[in-house]
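Below: the structure, in structure tokens.
Residue numbering restarts at 1 for every chain, and letters A, B, ... go by the order of the sequence lines. These values consider heavy atoms only, across backbone and side chains, with no hydrogens, waters or symmetry-generated copies.
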Protein chains: 2
Amino acid sequence: MRLTTKGRFAVTAMLDLAMRAEGGPVTLAGISERQSISLSYLEQLFGKLRRRNLVDSVRGPGGGYCLARPVEEITVADIVTAVDEPLDATQCAGGHNCHDDEHSCMTHDLWAGLNKTIQSYLASVSLAQLIEHHEARQRGDNIVQFEQRIGRITETTKHAIAH
Amino acid sequence: MRLTTKGRFAVTAMLDLAMRAEGGPVTLAGISERQSISLSYLEQLFGKLRRRNLVDSVRGPGGGYCLARPVEEITVADIVTAVDEPLDATQCAGGHNCHDDEHSCMTHDLWAGLNKTIQSYLASVSLAQLIEHHEARQRGDNIVQFEQRIGRITETTKHAIAH
DNA sequence: AAATATCCTAGTGATTTAGTCAACTAAAAA
DNA sequence: TTTTTAGTTGACTAAATCACTAGGATATTT
């Protein structure tokens with residue numbers, strides 16, 4: 001899994017979309033203006049999000065984009081992997097194609113574990129949780145840090161390892 | 001924290017160094033040959049590792065590099081941050097300089113949490129553990145996956161949050 | 001002095017990022 | 001029906017970054 005600003009832009013845009021999805025389709029022009037992301041760039045990103053079935057598009061006047069699934073069922077990991085396609089290529093970037101060469105892959109399991117850790121973290125945060133977090137912050141509530149989710153990840157991971 | 005192949009090269013080189021550090025200083029030429037990393041590139045990396053006090057250097061014939069600390073006290077996080085210097089600059093790359101602007105940082109806490117997660121994982125793995133893991137693999141032992149360390153991270157994190 | 005090895009700066013080619021531009025299609029409003 | 005709105009696609013690009021390389025300077029031993 002790659003981590004670039006492209007992924008961050010996509011998450012920000014999707015969050016903007018999710019927060020005003022009740023009023024029907026949301027235009028990229030609107031997202032562009034509110035989030036200061038260029039329209040053309042958004043078009044590129046949403047092309048990929050649509051192909052991955054994270055959003056649906058409605059053409060013509062009054063059109064725009066809608067979420068293809070409820071906010072609870074779209075995770076940050078979904079969004080990031082949709083726009084930052086794997087393309088690992090680089091030796092040992094998470095693939096399992098290097099068990100013959102001792103030297104280059106002494107650290108293979110280390111990076112594989114890191115990938116899994118990142119993946120688990122991002123998969124543990126949904127759009128719904130981001131919205132909740134943002135609204136809580138606006139109300140001035142005590143902030144529930146996302147770090148606490150690590151606990152939940154661990155349970156899941158332990159479970160996965162046990163089987 | 002950035003994650004590039006530069007960091008991976010550095011970890012591989014440090015692991016090579018750690019595994020033959022008992023025979024006195026290890027030359028970069030040797031590491032270059034064994035790990036197929038160019039000498040000039042290694043010089044660049046070890047310049048940074050030395051400035052961060054992870055290795056000590058001995059000049060002249062018979063010289064080379066030694067670990068500046070015991071293998072138990074050098075973590076992967078130490079190595080990666082030494083060679084992949086932060087240079088965040090980009091908005092909200094983990095810094096805390098963006099609490100005034102609502103829009104751009106709706107996702108700030110998310111990425112901050114991710115950074116912390118990555119950092120915790122890499123800080124939980126020492127050179128000693130990498131060596132142990134590598135030797136176990138050569139013996140054909142059952143492999144203890146690094147993923148299991150997540151459990152330990154969680155305890156640490158929970159502790160940190162509680163205070 | 002000669003050989004060995006680390007130190008240091010600068011540069012370079014390939015790739016990636018973060019877009020732009022332009023042409024097009026579909027749908028709704030006038 | 002014409003116009004406008006808005007998504008769809010592909011080609012292109014300036015700037016930055018990555019992964020090195022070149023070449024010399026400096027220190028130490030033989």
Side-chain angles (χ1 to χ4, degrees), chain A residues 2-13 17 24-33 35-68 80 83-93 104, chain B residues 2-13 17 24-33 35-68 80 83-93 104:
Chain A
R2 283 195 311 190
L3 295 169
T4 68
T5 58
K6 188 188 283 188
R8 288 206 288 271
F9 278 132
V11 172
T12 300
L17 170 56
V26 179
T27 67
L28 292 190
I31 298 176
S32 170
E33 202 171 324
Q35 306 298 335
S36 305
I37 306 173
S38 91
L39 176 59
S40 306
Y41 199 36
L42 282 174
E43 287 170 354
Q44 221 178 83
L45 298 179
F46 275 78
K48 292 181 178 181
L49 294 170
R50 192 176 57 87
R51 264 167 246 133
R52 295 295 199 99
N53 294 316
L54 295 180
V55 296
D56 290 326
S57 60
V58 181
R59 291 177 153 206
Y65 284 93
C66 313
L67 295 179
V80 171
V83 300
D84 272 341
E85 338 205 4
L87 183 69
D88 54 11
T90 45
Q91 50 188 359
C92 216
S104 66
Chain B
R2 281 193 312 190
L3 296 168
T4 68
T5 60
K6 188 188 284 187
R8 288 205 288 271
F9 278 133
V11 172
T12 299
L17 170 56
V26 179
T27 67
L28 292 191
I31 298 178
S32 169
E33 202 170 323
Q35 305 299 334
S36 305
I37 306 173
S38 92
L39 177 59
S40 305
Y41 199 36
L42 281 174
E43 286 172 354
Q44 216 177 86
L45 298 180
F46 275 78
K48 293 181 178 180
L49 293 170
R50 192 177 57 86
R51 265 165 246 135
R52 295 296 199 97
N53 295 316
L54 295 180
V55 295
D56 290 328
S57 61
V58 181
R59 288 179 154 205
Y65 286 93
C66 313
L67 294 180
V80 171
V83 299
D84 272 342
E85 340 206 3
L87 182 71
D88 56 10
T90 44
Q91 51 188 355
C92 215
S104 66

Quiz item: Just how far, in rounded Å, is P of C:dA5 from CG of B:Leu17?
Solution: 15 Å

Self-check item: Length of the line joining B:Gln35:CD and D:dA19:P, which is rounded to integer Å
Solution: 17 Å

Practice problem: Whole angstrom is fine here: how far is it from OH in A:Tyr65 over to P in D:dA6? | Solution: 13 Å

Quiz item: Tell me, for nucleotides 21-28 of chain D in 5' to 3' order, what letter each nucleotide earns: B for a base near a protein heavy atom under 4.0 Å, S for only sugar-phosphate near one, - for neither?
Solution: BBB--BSB

Exercise. Would you confirm whether A:Ser32, through its side chain, and A:Leu28, through its main-chain N or O, come within 3.5 Å as a donor-acceptor pair?
Key: no

Quiz item: Can you find a heavy atom in the side chain of B:Phe46 that is under 4.5 Å from one in the side chain of B:Leu17?
Solution: yes

Quiz prompt | Residue pairs involving residues 37-46 of chain B (criterion side chain to side chain donor-acceptor pair (under 3.5 Å); sequence neighbours excluded) | solution = none

Quiz item: What pairs with A:Lys6 under salt bridge (charged side-chain N to carboxylate O under 4.0 Å, His left out), at least two apart in sequence or on another chain?
Solution: none

Self-check item: Gap between atoms CG and P, on B:Leu42 and C:dC8 respectively (whole Å)
Solution: 16 Å

Quiz prompt | N/O (side chain, B:Arg8) to phosphate O (OP1/OP2, D:dA19) under 4.0 Å | solution = no

Quiz item: Would you say B:Thr5 reaches D:dC18's phosphate, i.e. side-chain N/O to OP1/OP2 under 4.0 Å?
Solution: no

Quiz item: With sequence neighbours left out, what residues match A:Thr27 under side chain to side chain contact (heavy atoms under 4.5 Å, CB included)?
Solution: A:Ala29

Self-check item: Gap between atoms CG and C1', on A:Leu28 and D:dT5 respectively (whole Å)
Solution: 13 Å

Quiz item: Hey, is the main chain of B:Tyr65 close enough, under 3.5 Å, to the side chain of B:Ser57 for a donor-acceptor pair?
Solution: no

Quiz item: Taking CG from B:Leu45 and P from C:dC8, how many angstroms apart are they, rounded to a whole number?
Solution: 15 Å

Quiz prompt | B:Thr4: side chain to side chain donor-acceptor pair (under 3.5 Å) partners, not counting sequence neighbours | solution = B:Asp84

Practice problem: May I ask you to say what A:Phe46 touches in the nucleic acid, namely base, sugar-phosphate or nothing, with a heavy-atom cut-off under 4.0 Å? | Solution: nothing

Self-check item: Nearest listed nucleotide, side chain of A:Thr27, among C:dC8, D:dG7, D:dA19
Solution: D:dG7

Quiz item: Roughly, in whole Å, what's the span from CG in A:Asp56 to P in D:dG7?
Solution: 13 Å

Quiz item: Given atom CG of B:Asp84 and atom C1' of D:dC18, what is their separation to the nearest angstrom?
Solution: 10 Å

